[in-house]
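One structure is given here, and the rest of the page talks about it.
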Amino acid sequence: MTVRVRIAPSPTGNLHIGTARTAVFNWLYARHYNGKFILRIEDTDKARSRPEYTENIKSGLTWLGLTWDEGPFFQTQRLDKYQQAIKTLLDGGLAYFCYCTPEELDQMREEQKAKGLAPRYDNRHRNLTAEAKANFEAEGRKPVIRFKIDDDREIVWQDSVRGTVVWQGSDLGGDMVIARAGDSSEVGQPLYNLAVVVDDMDMDITHVIRGEDHIANTAKQILLYEAFGAKVPTFAHTPLILNQEGKKLSKRDGVTSIDDFRKMGFLPQALANYMTLLGWTPPDSTEEIFTLAEAAEKFDLDRVNKAGAKFDWAKLDWINSQYLHKMSATELIELLVPYWEQAGYEVDLENNRDWWESLTTMIIPNLTRLADVVKETRLLVAESVEYTPEAVEFMQQEGVKEVIEQVIAAISEAPLLEEADGKTIIKNVTKSLKVKKGLVMRSLRAGLTGEMHGPDLIQSWLLLHQKGWDKQRLEKALSLLNQG
RNA sequence: GGUGCUGUGGACAAAUUGGUAAAGUCACCUGUCUUUCACGCAGGAAAUUGCGGGUUCAAGUCCCGUCAGCACUGCCA
């Protein structure tokens, strides 16, 4: 039997980290068993679904490397199948029309709560007489369609993550709505649980891997499978991703869409790697950096955790930095350019590719997120320089002025061609002024970059020199000192 | 209120059928390297496995009780 799994997001928002993680697990499972990974867009909620969200979901999955083998299928294009299924249930006496208004249902639940009872539908319209129906129709009420759920029924399934799960029919909230009230006399739009089951049957889904917030839905859906006489797929409920407070990660937690992570400068491989670790551990649990393909070789549901996993930015950052540090300047530079440009710096790769690559090579170990590149290089990519109070204070120390003067003199005589030239100048200045090398180095750093910390000084200097900016910066520093 | 799930160092977590000193990773601290920051490397601190009983020669692993957190409880998905 070929494994067939799916990711079934609803296009009511951008691709969410929780959905993406579910997609990762499904993708890994499909790849591990050489199965198919299917994308299905659940857009039956017309009021909230938007085409741009569908596009965002598709591009997000693609960016992460979670390519799908079939689809995307759209539920709104399969409405006839749901109507047919609903009709089958209606004809079989397994579903019926319910004429309750939303207000009536609200009131009913309020009363139940007031009595300390669990809110649920009391199945009041399950056995309506033809006359009662006619009366409701005459009132102009539009019915929903409810699927009968036997209170005495016990639903049991073997969950690949959680083991045997038992659910009592009476805990499912009464007969469930499978179709909205229609605008006219025809049957209304299908609801989630119905559409999912019809699709999963139709698409021969063998394993349903989804978040544990769907557990109650699974019980309901199993009943539907049985009503249709279909084979029930294997279910696996994964732990949720939690925020800092231990609650389900939601849009309210700020950055939760994959798009946001991308913009912040996380690499897709790193994000996918981290999501894989959220609730799953490889059998050889010591190595934590791996590609999706490598994870797929080892992935299985039996090592998926049951407890929710808190999202940890520090760990994501570390994983991202690991990927970044392993990249070459050549491949990295393409990813970096947008960040420079967005910050207002002009990147002329056509003419100065070598310069930009040297710069990139130098700051790679300082990068955690791609966006960091602006902060790490802003002192080198702009002609102007600003001196921090710390740098000014340092330069006012005795001897700094002389160092800078001598360095200016040195570079005026001969250009800096390579690192060795810079080292020679530093050595000579150190000797002639009889000061410590550290003073020379730090004077240079302050004068050239305006800061006391940063990437390798001599390489930075070389880069500035190639732009012709080193001398003017040192002169600016000098004039600053002369002003007092 | 009801139902379900979960509970191992700050975070992610490992630990074959109960059996060595409760892995590893991140974060943290120290050292090392460096002009500096970062990276790398080396080391360190950090858990009476939610709590209380019980079974056993032996329990994170089994049993009972208890507490806490979370999820679900829609004509959303």
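On a predicted model such as this, the values are computed, not experimentally measured, just so you know. Basis for what follows: all heavy atoms, side chains included, without hydrogens, waters or symmetry-related copies. Chain identifiers are assigned alphabetically (A, B, ...) following the order of the sequence lines, protein sequences preceding nucleic acid strands; residue numbering begins at 1 within each chain.
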*So which one's nearest nucleotide on RNA chain B is more toward 5', A/Gly438 or A/Lys306?*
A/Lys306

*How do A/Arg442 and A/Lys248 order along RNA chain B: which one's closest nucleotide is nearer the 5' end?*
A/Arg442

Which is true for [X] with a 4.0 Å heavy-atom rule: it touches a base, it touches only sugar-phosphate, or it touches nothing?
{"X": "A/His214", "result": "base"}
{"X": "A/Glu288", "result": "base"}
{"X": "A/Ser285", "result": "base"}
{"X": "A/Asn193", "result": "nothing"}
{"X": "A/Asn217", "result": "base"}
{"X": "A/Thr44", "result": "sugar-phosphate"}
{"X": "A/Lys113", "result": "nothing"}
{"X": "A/Lys436", "result": "nothing"}
{"X": "A/Arg40", "result": "nothing"}
{"X": "A/Ile215", "result": "nothing"}
{"X": "A/Arg210", "result": "nothing"}
{"X": "A/Gly454", "result": "base"}

*asked:* Less than 6.0 angstrom separating the ring centers of A/Tyr192 and A/His214, yes or no?
replied: yes

Check this for me: [X], atom [atom1], are more than 12 non-hydrogen atoms of other residues, nucleotides or ligands nearer than 6.0 Å?
{"X": "A/Glu386", "atom1": "CD", "answer": "no"}
{"X": "A/Glu393", "atom1": "CD", "answer": "no"}
{"X": "A/Arg50", "atom1": "CZ", "answer": "no"}

*Please list, by residue number, the residues of residues 360-375 of chain A whose heavy atoms come closer than 4.0 Å to an atom of RNA chain B; answer none if no residue qualifies.*
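Heavy-atom contacts with RNA chain B come from A/Pro365, A/Asn366.
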
*asked:* Can you tell me how the ring of A/Trp313 sits relative to the ring of A/Phe261, calling it parallel under 30°, perpendicular over 60° and tilted otherwise?
replied: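 Ring orientation, 0 to 90° scale: parallel.
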
*Take the angle between the ring planes of A/Phe311 and A/Tyr274 and call it parallel below 30°, perpendicular above 60°, tilted in between.*
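A/Phe311 vs A/Tyr274 ring planes: perpendicular.
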
Provide the distance between the two [atom1] atoms, one in [N] and one in [M], to the nearest whole Å.
{"N": "B/A59", "M": "B/U55", "atom1": "C1'", "result": "10 Å"}
{"N": "B/G19", "M": "B/A58", "atom1": "P", "result": "14 Å"}
{"N": "B/G2", "M": "B/A47", "atom1": "C1'", "result": "35 Å"}
{"N": "B/A14", "M": "B/G9", "atom1": "C1'", "result": "14 Å"}
{"N": "B/A11", "M": "B/U73", "atom1": "P", "result": "28 Å"}
{"N": "B/G1", "M": "B/A15", "atom1": "P", "result": "37 Å"}
{"N": "B/U20", "M": "B/C67", "atom1": "P", "result": "33 Å"}
{"N": "B/A22", "M": "B/U34", "atom1": "C1'", "result": "39 Å"}

_So that I can tick it off, tell me whether A/Arg141 and A/Glu139 are bridged by a salt bridge, with the cut-off set at under 4.0 angstrom between side-chain N and carboxylate O._
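Salt bridge: yes.
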
*Between A/Lys247 and A/Asp253, is there a salt bridge with N-O shorter than 4.0 Å?*
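Salt bridge flag = no for A/Lys247 with A/Asp253.
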
*asked:* I need the minimum non-hydrogen distance between A/Pro283 and A/Lys298, along with the two atoms involved.
replied: CD-CB, 3.8 Å

Tell me which pairs pass salt bridge (Lys or Arg N to Asp or Glu O under 4.0 Å) where either residue lies in [range], with sequence neighbours left out.
{"range": "residues 435-459 of chain A", "answer": "A/Arg378-A/Glu451"}
{"range": "residues 211-225 of chain A", "answer": "A/Arg162-A/Glu212, A/Asp213-A/Lys248"}
{"range": "residues 304-316 of chain A", "answer": "A/Glu288-A/Lys315"}

_Nucleotides bounding contact with chain A, strand RNA chain B, heavy-atom threshold 4.0 Å_ = B/G1 to B/A77

_Bracket string, RNA chain B, 5' to 3' - pairs by Watson-Crick or G-U geometry under 3.5 Å, | interstrand_ = (((((((..(((......[....))).(((((.......))))).....(((((..]....))))))))))))....

*A/Phe74 six-ring face occupied by A/Arg78 cation (under 6.0 Å, within 45°)*: no

